[in-house]
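The structure appears right after this line, and notes come after that.
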Amino acid sequence: MTLSPQFLDEIRARTSLSAVIGRSVKLTKAGREYKACCPFHNEKTPSFYVNDDKGFYHCFGCQAHGDAIRFLTDARGLPFMDAVKELAEAAGMEVPAPDPRAQAKAERANSLYDVMAAAQAWFEEQLGGIEGADARAYLERRGIKDATRKRFGFGFAPDSRGKLKAALKQFGNDKLVEAGLLIQPEGEREPYDRFRGRLTFPIRDRRGRVIAFSARILGAGEPKYLNSPETPLFDKGRTLFNIDRAAAASRDTGRILVVEGQMDVIALDQAGIAEAVAPLGTALTETQLGLLWRLAPTPTLCFDGDAAGQKAAVRGALRALPQIGPGRSLSFITLPAGQDPDDLVRSGGREAMDALLAAPEPLVDRLWHHERNAEPLATPEDKAGLRRRLLDHLATIADPDVREQYRHDLLDRFSELTRPPQREWKPREWKKSGPQGSRFAQQRPTSAQARAVGSAGLGGHTVQAVLQGLLRFPAAIADHAEAVAELPLREKPLASLRDAMLDAALMHGALDQDQLYTILVDRGAASLVEGLRRQTGLGFSFNRRDADPERALRDLVLVIDTLAARPGLDAALDAATARLKEMGDEAAFEEQQRLRAARDEADRQLATLIESDADI
């Protein structure tokens, strides 16, 4: 049975090599690698190293070298297929059933590497010939040095429909078409060369094998860049340009950069920044992000400073959100308007790029700035729209701990942005209004009144009522997540239950009662939930099973919003009372009275809801 290279690469990508080897070999952490005494020969000083990022082991003593499959076959003596099945089972993958057609395809893929290697050699030869003069002149104008040209394998495809086909005729037209080097027109017409009159450079896989080509037109015309079509060797969504060289460089720098175009990669490499890759005409995919995270915990996206480049950066951020976790995120740099990395290093050298890379923007900042600036914030509806967009993004984050940190961070920023400006207080003088003294003196509250600041907060009865209401109407959790998060719960177990409800709603969206119950039980909150379910006589409509559902939900939302606003109201009232004590100013007194009236109105509203429940 023959397995496809893509399947084997997927197994390697999903396998922690150190975990496989660590089952039988004692490994010791050594920087970003692990070391041990070699299992293949006797030694007292460790010379056997395991690198999870690269996915292979190497012994500097006996030169043993390989990946997870090779280790199982060499160290444990497993047959190849048994080794593959063991790794696939651990990775949650199914080994494809034997398929003669798949076996034949895999055999053809192996021979296609020879085809691509021959095409690369021929393109390089043409660049050095007479017909390659214009391509060489283009490289010189772009400032591409000979060493860079050789390092990246620049070549030239003559402007001919059949020269490559003739040069590689020993492989046959069918293989050249399958490799993407020839175009097969419909009907019985002869195939012809795909790349014509273009500067070429190879696209390689992680092992450095040529799997496709990118070709740039030298004069006017479209497309500017032409890539190979997808073939048995080349899947553009699973490939990054320069991944083979950037992977090695990233081990020294501890970072990996993502730029938009292949020429940006090449310009950065020539400037001394070798750890750069580029997608191949598509937005970053989940597979490409996985490749990047194997090289560095926080890849940096360096897309162009124009609107299209910044949109591409945001798309990358949104694509990454479901997969981020501790030690797995993204960062961003914004290039000067109208410049790409190639322009930047041409004008300012490596120092200009290093200056930007020294202070990258975290993913949470890029997400916030994008949404904050996406729409005007002139009306309550605009602000509600911003909050809804932020909550929608939070719901996509799979890791619960990271999601909770993002929720606090983004909603804190939202609250700061939308908080009404505080009225600036300025001392004012007041005249006497009669024999009894100033009008202010007549109205000045007693010290007992000044200390009568609302401090009821959320007592046990009210807490139980609100949480029971959320258990009955779980859809209200996601719809009013910010207010629910702001509820000032005093008792830690009940606050933890509230947070678990928020996590469930943000993760799964709208929930019904049974779904929420199952999630909370899994979180270890069964006793609290059952206790709340058994509570009776809590006094609000949303705690009564015979209440009108629409009215009950409306009352629940009103209670949540009122209670969530209470801490801020109490804090403002405290501050006004303190100013009143210190300054004896009428403006402070008026502010205190206004805030006290607002607090009393909130209390009255809650009391009305409780009292009206008797009439249901």
Side-chain angles (χ1 to χ4, degrees), residues 2-17 20-21 32-33 49-59 63-74 80 83-84 87-88 91 105-121 123-124 150-153 155 178-181 200-214 227-228 230-252 256 262 265-266 269 274-280 285 287-296:
T2 301
L3 299 171
S4 70
Q6 290 81 5
F7 177 78
L8 296 177
D9 286 344
E10 184 70 16
I11 285 182
R12 296 183 184 103
R14 294 194 187 188
T15 298
S16 169
L17 181 58
V20 172
I21 297 177
R32 297 186 65 184
E33 299 179 323
Y49 285 80
V50 179
N51 191 308
D52 280 327
D53 292 336
K54 296 166 64 175
F56 66 72
Y57 60 85
H58 182 80
C59 177
Q63 305 305 311
H65 182 94
D67 57 14
I69 300 173
R70 182 68 175 269
F71 183 82
L72 293 182
T73 58
D74 290 0
F80 175 81
V84 170
L87 295 174
K105 182 178 179 181
E107 292 173 352
R108 288 198 308 273
N110 288 332
S111 65
L112 290 181
Y113 289 117
D114 297 329
V115 175
M116 301 304 283
Q120 169 60 17
F123 285 141
E124 287 189 90
K150 294 176 182 177
R151 191 159 59 246
F152 281 91
E178 190 174 16
L181 297 171
T200 68
F201 42 90
I203 298 168
R204 306 180 192 272
D205 63 13
R206 290 197 64 180
R207 297 170 61 181
R209 298 173 298 186
V210 178
I211 57 174
F213 289 96
S214 187
N227 291 332
S228 292
E230 295 200 357
T231 70
L233 301 183
F234 178 53
D235 180 341
K236 62 185 178 181
R238 304 172 64 87
T239 306
L240 290 164
F241 178 72
N242 197 43
I243 186 66
D244 55 321
R245 299 188 68 257
S250 70
R251 291 192 293 275
D252 296 327
I256 189 76
Q262 295 99 310
V265 170
I266 294 166
D269 181 271
E275 63 277 16
V277 298
L280 294 158
T285 66
T287 300
Q288 289 170 333
L289 286 167
L291 290 174
L292 293 169
W293 279 321
R294 287 176 64 85
L295 300 176

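Nothing here was measured: the structure is a model prediction, and the numbers come from that model.
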I'd like to check [X] versus [Y] (side-chain heavy atoms, cut-off strictly below 4.5 Å). Are they in contact?
X	Y	value
L295	I243	yes
I211	Y113	yes
H65	C59	no
I203	S228	no
Y49	F56	no
R32	D53	yes
N227	Q262	yes

List the atom of A247, the atom of S250, and the distance in Å for their closest heavy-atom pair. O-OG, 2.8 Å
So which atom in V265 and which in A276 form the shortest heavy-atom distance, rounded to 0.1 Å? CG1-O, 3.5 Å
Rounded distance [0.5 Å steps], [atom1] in [X] versus [atom2] in [Y]:
X	Y	atom1	atom2	answer
T285	L240	OG1	CG	7.5 Å
S16	R294	OG	CZ	8.5 Å
N242	D244	CG	CG	6.0 Å
L17	E33	CG	CD	11.0 Å
T231	M116	OG1	CE	6.5 Å

Please enumerate all residues that pass salt bridge (Lys or Arg N to Asp or Glu O under 4.0 Å) together with [X], with sequence neighbours excluded.
X	value
D269	R151, R245
E10	R14, R238
D9	R12

Please walk me through it: do F234 and D205 pass side-chain contact (heavy atoms from CB on, under 4.5 Å)? CA-CA 9 Å; F234 178 53; D205 63 13; over 6 Å; no
In sequence, state the C-alpha distance, the side-chain angles, and the governing distance for K236 and E230, and then conclude on side-chain contact (heavy atoms from CB on, under 4.5 Å). CA-CA 7 Å; K236 62 185 178 181; E230 295 200 357; 3.4 Å; yes
Are the side chain of Q120 and the backbone N or O of G153 linked by a donor-acceptor pair below 3.5 Å? yes
Give the C-alpha distance, both sets of side-chain angles, the deciding distance and a yes or no for side-chain contact (heavy atoms from CB on, under 4.5 Å) between V277 and Q288. CA-CA 10 Å; V277 298; Q288 289 170 333; over 6 Å; no
Would R204 and T239 count as a side-chain contact (heavy atoms from CB on, under 4.5 Å) here? Give the steps. CA-CA 8 Å; R204 306 180 192 272; T239 306; over 6 Å; no
Does the gap between the ring centers of Y57 and F71 come in under 6.0 Å? yes
Are F213 and F123 close enough that their ring centers fall under 6.0 Å? yes
